[in-house]
Amino acid sequence: MSLYPASARIRQAAALVGVLVLYVVTAKLGLRFDALAGVATTVWPPTGLALAAICLGGRRLWPAIFLGAFLVNAGTGIPLWATFVIATGNTLEAVLACRLLGLLGWRPEMDRVHDVLVFALTVLLATAVSASTGTLAIWLAHIPIKDGLGLFWMVWWVGDVLGALLIAPALFAWIIRQPRPTSLRLRFWVEALLLASGLILVGASVFYDLFPLKIVRLARGSYSLWPLLIWAVVRFRLRGTTLALLLVSLVAISGTASGHGLFAGGTLAPTAHERLFRVQCFMAVTAVSMMCLAAALAERRQAILARDEFISIASHELKTPLTALRLRLATALRLLSAEKKESPPGDRLDRPTRAVVAATATTDRLGRLIDDLLDVSRLTAHRLELHLEEVSLPEMLADLASRLREQAAESGSTISVTVESAQLPLVGVWDRGRVEQVITNLLSNAIKYGNGGLITVEAHGEGDRVAISVRDQGIGIARADQDRIFRAFERVESPHRVGGLGLGLYIGRQIVAAHGGTLRVSSEPGRGATFVLDLPRLAHPPA
Ligand code: ADP
């Protein structure tokens with residue numbers, strides 16, 4: 001009795017048959033690309049298929065690869081015993097490569113530069129096994145090779161290398177689950193279509209002489225494809241990159257094989273196989289370079305994700321003890337004021353009470369910093385939710401100004417509020433807490449950087465929009481810094497050490513944008529800054 005359940009055996013048989021059929025089909029395709037002695041081809045796609053099958057499906061799939069290689073080569077007119085040797089080489093190549101990759105800590109996601117480099121090196125080594133056994137079989141079978149055994153070995157080897165470099169990563173990228181692209185809307189497809197057309201047009205002008213003008217011939221080079229391939233890497237990640245590489249290699253190899261294009265002319269490579277060898281090298285180097293770039297970008301994305309996750313976890317963890325501390329301070333304050341009732345009236349705050357009040361203010365500041373960090377992680381994860389309600393702007397501004405008046409007075413500033421509107425009352429439908437958060441940050445910046453001058457808050461309603469400006473008379477902001485202060489963690493170096501994480505304006509701009517509004521600054525160094533918040537009366541988040 002078998003140890004495996006029937007369903008597992010059926011799945012195993014289906015996988016074997018699937019790999020066998022695909023092996024034969026891709027081999028037939030490969031043989032169309034100009035075969036030497038009927039077996040060594042410019043690109044040998046089955047190498048990539050076999051590699052992907054063994055790496056993803058396990059070593060148990062080797063019989064399908066052996067049988068596939070045997071059947072394909074048996075049809076090319078070489079003796080059966082030589083076919084057997086060739087099929088053994090093809091199978092060994094895939095099994096050895098996967099074993100080596102496993103030992104070197106490689107991951108099929110190919111999202112680390114390490115994976116791409118290890119994969120490329122392993123492929124270079126393992127394919128030499130198949131090329132060597134194949135050349136040995138052809139030599140022993142006395143099959144005549146026009147360009148010599150050396151070139152034959154080389155074409156076989158590079159053909160296998162290209163098959164592995166182009167086909168296996170495409171299979172890994174399309175079989176293994178990838179992070180969802182940011183959008184799959186019409187724009188995505190239009191962009192993909194534009195890119196594919198660009199690759200075909202430029203590829204055809206480089207490798208097919210599509211535009212036989214002298215100026216095009218002078219300017220064209222394999223480098224003409226780089227911007228388009230980099231476009232594929234940056235916008236369409238590994239999946240798009242592997243498809244773009246396949247498309248370019250199809251155009252490059254078929255163009256050169258038909259005697260056209262950049263690699264076809266010249267005295268450097270007079271024979272057809274030498275010319276194809278040049279295309280092979282070009283494609284191999286291009287494929288590894290572009291996949292390295294895709295992996296480097298994936299690593300960068302992962303690092304940013306890890307940072308955001310860390311910020312989110314750390315802020316949540318910090319909030320818990322902070323809340324407990326706040327409660328304890330509130331209790332201490334209550335106990336102290338109860339004791340104080342017993343002392344004669346008219347006493348100023350005693351030292352312990354002042355210390356607890358100061359500690360409470362510090363925990364409040366700490367709480368606001370942690371809230372900002374939490375907001376950043378919400379914003380990067382697109383989890384900012386608005387709770388809309390009707391808000392009276394004059395009331396809100398007066399309330400905020402009175403809350404901050406004491407803090408302003410400490411730095412010598414005063415806050416003046418003016419509201420002006422043809423249509424009264426001036427109300428809006430916004431997330432009250434969030435809009436308060438934005439204006440509070442603008443006011444506390446005006447206090448921090450305002451040099452103790454007058455701070456003016458003006459609200460002006462017109463039609464269905466409201467503009468709120470916060471102006472100070474302080475140090476101002478240089479033109480060069482006016483954009484970047486709205487980015488996360490960006491601050492302007494100042495001679496006076498002023499605390500902050502550089503997040504308030506970033507969060508503010510995102511909150512305002514989520515309401516369908518804008519937040520801008522105009523300022524000259526030394527002459528104060530004016531921040532203008534423009535909001536629709538009825539928040540309408542952008543689509
Ligand atoms: P934070 O104030 O916590 O550093 P913000 O995002 O609110 O973060 O501000 C970013 C930077 O913009 C500040 O560090 C400061 O350099 C500059 N800035 C903001 N508001 C003003 C202002 N009213 N006057 C001068 N500089 C300002």
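All ligand and atom numbering here is 1-based and tracks the order in the structure. The first residue of the sequence shown is numbered 1, and numbering continues consecutively from there. Keep in mind that this is a model prediction, so the values were computed, not measured. Note that these values count all heavy atoms, side chains included, but never hydrogens, waters or copies made by symmetry.
Contact detail for Val417 and Ala401: the closest heavy-atom pair is CG2-CB, 3.7 Å. Across Gly500 and Lys448, no two heavy atoms sit closer than the pair CA-NZ, 4.5 Å.
Among the atoms of Ala446, none of the N or O lies under 3.5 angstrom from an N or O of ligand 1. On a distance-only criterion, Asn445 and ligand 1 share at least one N/O pair closer than 3.5 Å. Remark: ligand 1 and Ile477 share no N or O pair separated by less than 3.5 Å (distance only, no angle test). For ligand 1, none of its N or O atoms has an N or O atom of Glu490 under 3.5 Å away.
Looking only at distances, no side-chain donor or acceptor of Glu436 sits under 3.5 Å from a matching main-chain atom of Leu400. In terms of modelled atom types and a separation under 3.5 Å, the side chain of Arg487 and the main chain of Leu503 share no donor-acceptor contact. Within the 3.5 Å criterion, the main-chain N or O of Leu374 finds no donor-acceptor partner in the side chain of His316. Distance alone, capped at 3.5 Å, places no donor-acceptor pair between the Arg471 side chain and the Thr530 backbone. In this structure a side-chain-to-backbone donor-acceptor pair under 3.5 Å is present from Ser523 to Ile477.
The nearest protein atom to atom 11 (C) of ligand 1, hydrogens excluded, is given as Ile485 CG2, 3.8 Å; this is a heavy-atom distance. For atom 23 (N) of ligand 1, the closest heavy atom belonging to the protein is Asp472 OD2, 2.9 Å. Scanning all protein heavy atoms for the shortest distance to atom 6 (O) of ligand 1 gives Leu505 N, 2.7 Å. The protein heavy-atom contact nearest to atom 4 (O) of ligand 1 is Arg491 NE, 2.6 Å.
Ring geometry for Phe282 versus Phe207: interplanar angle of 30 to 60°, hence tilted.
Numbered from 1 in the order shown, with element, the atoms of ligand 1 that lie under 4.0 Å from a heavy atom of Asn441 read 7 (O). Less than 4.0 angstrom separates some heavy atom of Gly502 from each of these atoms of ligand 1: 1 (P), 3 (O), 4 (O), 6 (O), 8 (O). Taking every heavy atom of Leu501 and a limit of under 4.0 angstrom, the matching atoms of ligand 1 come to 3 (O).
For Phe188 and Phe236, the gap between ring centers is short of 6.0 Å.
Under 3.5 Å, the side chains of Glu458 and His460 contain no donor-acceptor pair of N or O atoms. Side chain to side chain, Arg434 and Gln437 meet the donor-acceptor criterion of an N or O pair below 3.5 Å.
Looking at Phe489, Tyr449, Phe531, it is Tyr449 that brings a heavy atom closest to atom 13 (C) of ligand 1.
The proximity of Leu503 to ligand 1, defined as any non-hydrogen pair under 4.0 Å, is limited to the backbone. Under 4.0 Å from ligand 1, heavy atoms of Val492 appear from its side chain as well as its backbone. Of all the heavy atoms of Lys448, the ones lying under 4.0 Å from any atom of ligand 1 belong exclusively to the side chain.
Heavy-atom distances between Phe486 and ligand 1 stay at or above 4.0 Å for every pair. The closest approach between a heavy atom of Gly474 and any atom of ligand 1 is not below 4.0 Å.
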